[in-house]
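Per chain, numbering begins at 1; letters A, B, ... match sequence-line order. Worth saying up front: this structure is predicted, and the values here are computed from it rather than measured.
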Number of protein chains: 2
Amino acid sequence: MSGAAASRFSVQRKERLLEQLRVDGAVSVRELSELLGVSEMTVRRDINDLARQGLITRVHGGATLRSALDRTVAGREPGDGGFNRYTLGMVVPSLDYYWPQIVNGARMAAVQAGARVILRGSMYDARDNRRQIQALLDTAGVHGILAGPETAGPEGHELLRWLDSLPIPVVLTERRPARGVITTRLESVSTDHGHGAEGALLHLRAAGHERIGLLAARTSPTAGPVRRSWMEVLRLLGQEPAQTIDDDANDCDGPKSAAFMDTVLERCRKTGTTALLVHPDRQAVRFVQHCVDRGVRVPDDLAVVAYDDEVAHLGQPAISAVRPPKSWVGKVAVELLVARLEEGAARPLHHVQLEPELIVRDSSVPGGRGADADRAAPAEASVTTEVTTKGTV
Amino acid sequence: MSGAAASRFSVQRKERLLEQLRVDGAVSVRELSELLGVSEMTVRRDINDLARQGLITRVHGGATLRSALDRTVAGREPGDGGFNRYTLGMVVPSLDYYWPQIVNGARMAAVQAGARVILRGSMYDARDNRRQIQALLDTAGVHGILAGPETAGPEGHELLRWLDSLPIPVVLTERRPARGVITTRLESVSTDHGHGAEGALLHLRAAGHERIGLLAARTSPTAGPVRRSWMEVLRLLGQEPAQTIDDDANDCDGPKSAAFMDTVLERCRKTGTTALLVHPDRQAVRFVQHCVDRGVRVPDDLAVVAYDDEVAHLGQPAISAVRPPKSWVGKVAVELLVARLEEGAARPLHHVQLEPELIVRDSSVPGGRGADADRAAPAEASVTTEVTTKGTV
DNA sequence: TTGACATTGTTCGTTTCTGTTCGAGTGCGT
DNA sequence: ACGCACTCGAACAGAAACGAACAATGTCAA
């Protein structure tokens, strides 16, 4: 077969491997050989190549991120004579959803920069955020803080002001200073969720969908920008939110989920909604599952794009998804913080936004691949193909 | 004309190849030879040419977008003395105001990164911007573009779309993609002028000024965010723009300038306006000069903060000013572009905003820090005063 | 027209990539 | 100890891709 655009050449396989490593921290030969559709021997050869370059560390059965214990090749980065020049405290609101990848990226960047990350888990709650950060400050020798705190509400604002006043540099991670809060020293790295959602919506629009609904988990900080973008795109298309779906994706879970999703499907029928953006992807998987159970064909009867890409590839069919560059957020955050520590106040404050990419799978366009990719492909593909685009249109 | 090193057809083929690469991320020799109707050998020759220029990554069987794993060019580059790995084209709208420092920062960063910058001056005009950028594209061996184009209006939007579609990476410099224009590949570095203006206004507010006016050069792209911030801060202070000054600073120049400035002073008296933000600083110098001529004491009778800091230190008294981090804008732009060239498409799109700093001199607070403040410009970074964070409304 | 030059196509021996096979090594439970 | 399950990698082989050399074609100027 020649249609697999995902990884035709060895370089692409290796990039895919590294990407997987960034996400999971480890890969197995077996997994990869299935994922990429090549023999295990080939995967081993790739791993050996990369290990020889010092980019990864070989382990029995697979590979991991380059480890400090790996002495096989002189590490490409002069981690510097001084091994841990800086100690960075990091506080994240969750240790099992979304944030592990950010932490991973931060860890890797820290190793590169000769720094050490001390991690503390917290909650989506300003008071606890502050407690955890205070604990880090009380730890001797912490040079800077990476924090993904609650920024909304009076308590969030107060927390931001407190962070702004700390004696050591602080980089907001996957957060921005809230509007209306005066900050003069905070820096930030965050994903441009609004733009990500816009990309997904325009992709659906380009696939011919006129009426596009939204299921977003209202409790998440991500939902805000996503929903705002959705409303803006609707406005561009000359539509009213009331004419389609705008519900809370959290309801796709729990005892009443079946009834809820039935209601959504019913409303899709009534309003002529043919596409949905679902946030987060766990709920998208649930929802697509439900569609299949009810005989609603995806994407023919209803196209679905997930916002976030933790499990979207496991959906049946595999779900197209917007993938925030999580590990990069962590990486850039560490780089900003280390640069601040090295260069001091002469360096202007940085605010970085990173854009998500849209992973087109099978749930958004018939045939599994966008009409945007006009290629005479032999349609014979039993293995799910993944196409990565830097956006749509 | 016979001067071209490569034939017209060869160029077209290569453009087509890059185009295909942009869509798919990879091309195979076989596919391409069929698609273009030429022999495989010819395609290989094209691929080798482009790879030698560092524009793509050669792989067995075809080519991919430049990959971080591609070590071929990074190692050796025959001819160029060995160290200019990349050639970056830069187009700026002015060569005598504001932009020289940005260009400087870019130049320095380029040297650091082993790159070379080719500069072209243009105008504040979309059509000419495009002409100049096209000229750079026609220059053989340009790997990426730094541009500070016109982004407003239909022509600006069209220009952005065109930039977004170029086969080589583009970093907008001191510009952002306009709202409402769909871009999927542009990156950007810009100053957060809004935040800068906010800092100046809050500084004046903290110094006790209740009613603060604005003189902004309406023709400048910077004026937009500055004025928006000003209006927002006024709103926070519970005031109306109409109750104070909001005029065009351009009128401080030219034959009728004296009359204009007298009118402004008169209106300040009438409305009880005790402070002004003036953009740009040249006009601020003129205005302060006029105040002194008319016996209006600065800062006692009227406080002035300039937006921008090219000549503000030459004012009598020295004028407090918001200083955009110009050379940093150039530096970060080059860093983004080089990183994109090195790491390829796996790197997410970056949008960076840098914050200006407020240089407090003698025109905004009585008893400011006179003589030593304007001696060594770089040293002033440490003199920057923080804006009060409490008590505003 | 002719000759110099550039570009493209063809041939064919060489190289690269990948899958398969199979013996060796490792850890684990019985 | 033993077998078992697993992984690893050397060795081989087929297919495909590569590129040097040469041939063919087209372009331009004298």
> Establish, with yes or no, whether the OP1 or OP2 oxygen of D:dC18 is under 4.0 angstrom from a side-chain nitrogen or oxygen of B:Arg44.
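Affirmative; the distance criterion is met.
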> When you get a sec, tell me which of C:dG19, C:dT8, D:dG19 is the closest nucleotide to the side chain of B:Asn48?
D:dG19
> Counting any heavy atom closer than 4.0 Å, what does B:Val43 reach on the DNA or RNA strands: base, sugar-phosphate only, or nothing?
nothing
> Between C:dT10, D:dC18, D:dA10, which one does the side chain of B:Val29 approach most closely?
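Selected nucleotide: D:dC18.
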> In this structure, how many angstroms lie between the P atom of C:dT7 and the CG atom of B:Asp46, rounded?
11 Å
> Please evaluate the base of D:dG19 for a donor-acceptor partner in the side chain of B:Arg45 within a cut-off of under 3.5 Å?
no
> Closest approach to the side chain of A:His60, judged atom by atom: which nucleotide of D:dC8, D:dA16, D:dG19 is it?
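The closest nucleotide is D:dC8.
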> Nearest-Å distance, CZ (A:Arg8) to P (C:dC17)?
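One finds 16 Å between P of C:dC17 and CZ of A:Arg8, rounded.
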> With A:Asp309, which of A:Lys326, A:Arg323, A:Arg282 fulfils salt bridge (charged side-chain N to carboxylate O under 4.0 Å, His left out)?
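Considering A:Lys326, A:Arg323, A:Arg282, a salt bridge (charged side-chain N to carboxylate O under 4.0 Å, His left out) with A:Asp309 is found only for A:Arg323.
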> Take atom CG of B:Leu32 and atom P of C:dG9, then tell me their distance rounded to the nearest Å.
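From B:Leu32 CG to C:dG9 P: 13 Å.
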> Looking only at the side chains, is there a donor atom on one of A:Ser364 and A:Ser320 sitting less than 3.5 Å from an acceptor on the other?
yes
> Return yes if a side-chain donor-acceptor contact under 3.5 Å exists between A:Gln53 and A:Asp49, otherwise no.
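Result is no, nothing qualifies.
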> Between C:dG9 and B:Thr42, is there an OP1 or OP2 to side-chain N/O distance shorter than 4.0 Å?
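So the side chain of B:Thr42 is within the cut-off, an N or O lying under 4.0 Å from OP1 or OP2 of C:dG9.
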> Quick one: B:Glu40 CD to C:dC12 P, roughly how many Å, whole number?
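After rounding, the gap between these two atoms is 16 Å.
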> Are B:Glu19 and B:Arg16 ion-paired here, with the side-chain N under 4.0 Å from a carboxylate O?
no
> How close or far is atom P of D:dA16 from atom CD of B:Glu31, stated in whole angstroms?
15 Å
> Taking CE from A:Met41 and P from C:dC22, how many angstroms apart are they, rounded to a whole number?
16 Å
> Roughly how many Å is it from CZ in A:Phe9 to P in D:dA17, rounded to a whole number?
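It is 9 Å, rounded to the nearest whole Å.
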> Picking from D:dC8, C:dT20, D:dA17, which would you name as closest to the side chain of A:Arg58?
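Taking heavy atoms from C-beta onward, the closest nucleotide is D:dC8.
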> Regarding B:Gln134 and B:Arg131, is there a side-chain donor-to-acceptor distance under 3.5 Å anywhere?
no
> From CZ of B:Arg30 over to P of C:dT16, roughly how many Å is that when rounded to an integer?
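Taking CZ of B:Arg30 and P of C:dT16, I get 20 Å after rounding.
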